[in-house]
Amino acid sequence: KPDDLFMEAEKAPMPTGDMTFYAVFATETTSENAKLVDFTSGGKSVLAEIEGITTSGLGSDYSADSHAPYIVKFDGTNDYIIWENINSNFVDSVTFGVKMVGGSKTSKMTVLTSADGTTYTEKPACVISGNQNDILSFNVPIAATPAFIKLNFTKGSNGGFGNFVIYGT
């Protein structure tokens with residue numbers, strides 16, 4: 001329940017230039033029904049080797065030294081990642097993060113679902129807007145058993161894409 005998120009806690013240290021902070025979704029650390037699609041060890045080449053993943057149009061990876069875990073580069077309209085639901089599991093939602101790396105023009109990531117990999121249904125688009133190096137996190141409800149989930153980029157500015165999590169059963 002939401003009030004549980006605001007318990008008293010130790011005060012965090014004041015951030016300094018040598019510290020990096022990442023957002024962690026609570027369910028990522030506790031859910032047994034989550035599939036983490038992790039490709040930070042090698043960017044788009046590792047992503048392409050994951051069973052059930054198809055990509056198109058992605059640019060050269062961003063430097064892990066300065067952008068990890070947001071290293072997969074979306075740099076053109078209709079760049080995409082497709083995840084195939086190999087086990088036909090029910091999907092509650094998909095969660096992902098994007099770092100604004102290529103400027104401050106508004107982009108969007110549209111999540112689409114498909115029963116056959118050809119005809120897709122759009123979920124509400126995730127607006128990627130802010131300043132250079134802003135990190136935005138999204139959780140898109142799916143509530144279905146799609147055969148495919150597609151993350152499709154519409155360019156305003158480039159974006160660095162990090163790992164994503166598929167929640168379901």
Side-chain angles (χ1 to χ4, degrees), residues 20-25 27-28 34-86 89 91-168:
T20 303
F21 293 90
Y22 298 104
V24 176
F25 296 93
T27 51
E28 283 184 35
K35 173 168 179 44
L36 171 64
V37 181
D38 183 354
F39 47 87
T40 54
S41 65
K44 76 175 183 178
S45 63
V46 169
L47 181 62
E49 294 174 4
I50 297 172
E51 183 180 18
I53 295 288
T54 304
T55 66
S56 179
L58 305 176
S60 300
D61 291 337
Y62 287 113
S63 163
D65 293 339
S66 54
H67 298 294
Y70 307 98
I71 60 174
V72 170
K73 183 191 258 183
F74 280 84
D75 62 353
T77 292
N78 293 323
D79 288 0
Y80 66 79
I81 297 172
I82 296 175
W83 174 75
E84 182 178 358
N85 189 358
I86 295 169
N89 293 329
V91 176
D92 289 318
S93 64
V94 59
T95 297
F96 60 91
V98 178
K99 182 177 183 180
M100 295 190 64
V101 181
S104 58
K105 293 181 182 174
T106 299
S107 300
K108 72 176 180 175
M109 185 72 75
T110 304
V111 177
L112 305 107
T113 59
S114 175
D116 60 9
T118 303
T119 304
Y120 283 87
T121 302
E122 242 182 72
K123 299 295 181 182
C126 302
V127 176
I128 303 165
S129 181
N131 297 310
Q132 175 79 2
N133 294 319
D134 282 356
I135 296 170
L136 299 110
S137 297
F138 301 96
N139 182 284
V140 179
I142 304 294
T145 307
F148 300 89
I149 295 176
K150 181 177 185 178
L151 303 168
N152 195 74
F153 186 71
T154 302
K155 182 179 178 172
S157 293
N158 294 348
F161 189 75
N163 298 332
F164 61 100
V165 180
I166 308 287
Y167 293 99

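What's counted below: heavy atoms across the whole structure, side chains too, no hydrogens, waters or symmetry copies.
- A distance of 12.5 Å separates NZ of K155 from CG of N78, quoted to the nearest 0.5 Å.
- With rounding to the nearest 0.5 Å, the separation of NZ in K99 from OG in S66 is 6.0 Å.
- A heavy-atom distance below 4.5 Å is not found between the side chains of K44 and T55.
- Within the 4.5 Å cutoff, the side chain of F161 has heavy atoms near those of the F96 side chain.
- In this structure, the side chains of N131 and M100 stay at 4.5 Å or more apart for every pair of heavy atoms.
- Each of L36, V37, T95 was checked for a side-chain contact (heavy atoms from CB on, under 4.5 Å) with N163, and the lone residue meeting it is L36.
- Residues K108 and I128 come closest through the heavy atom pair C-CD1, 4.0 Å.
- Closest approach of G42 and V46 over heavy atoms only: CA-CG2, 3.3 Å.
- The shortest side-chain heavy-atom distance between L58 and K73 does not fall under the 4.5 Å cut-off.
- By the 4.5 Å heavy-atom criterion applied to side chains, Y120 and T110 are not counted as neighbours.
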Taking it one step at a time, do N139 and S137 satisfy side-chain hydrogen bond (donor to acceptor under 3.5 Å, both in side chains)? CA-CA 7 Å; N139 182 284; S137 297; over 6 Å; no
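- When only modelled atom types and interatomic distance are considered, N152 and T154 share no side-chain donor-acceptor pair under 3.5 Å.
- Using a 4.5 Å heavy-atom cutoff, the side chains of I149 and V111 are in contact.
- For the pair W83 and I50, the minimum side-chain heavy-atom distance is 4.5 Å or more.
- You'll find the side chain of T54 stays beyond 4.5 Å of the side chain of F148, heavy atoms only.
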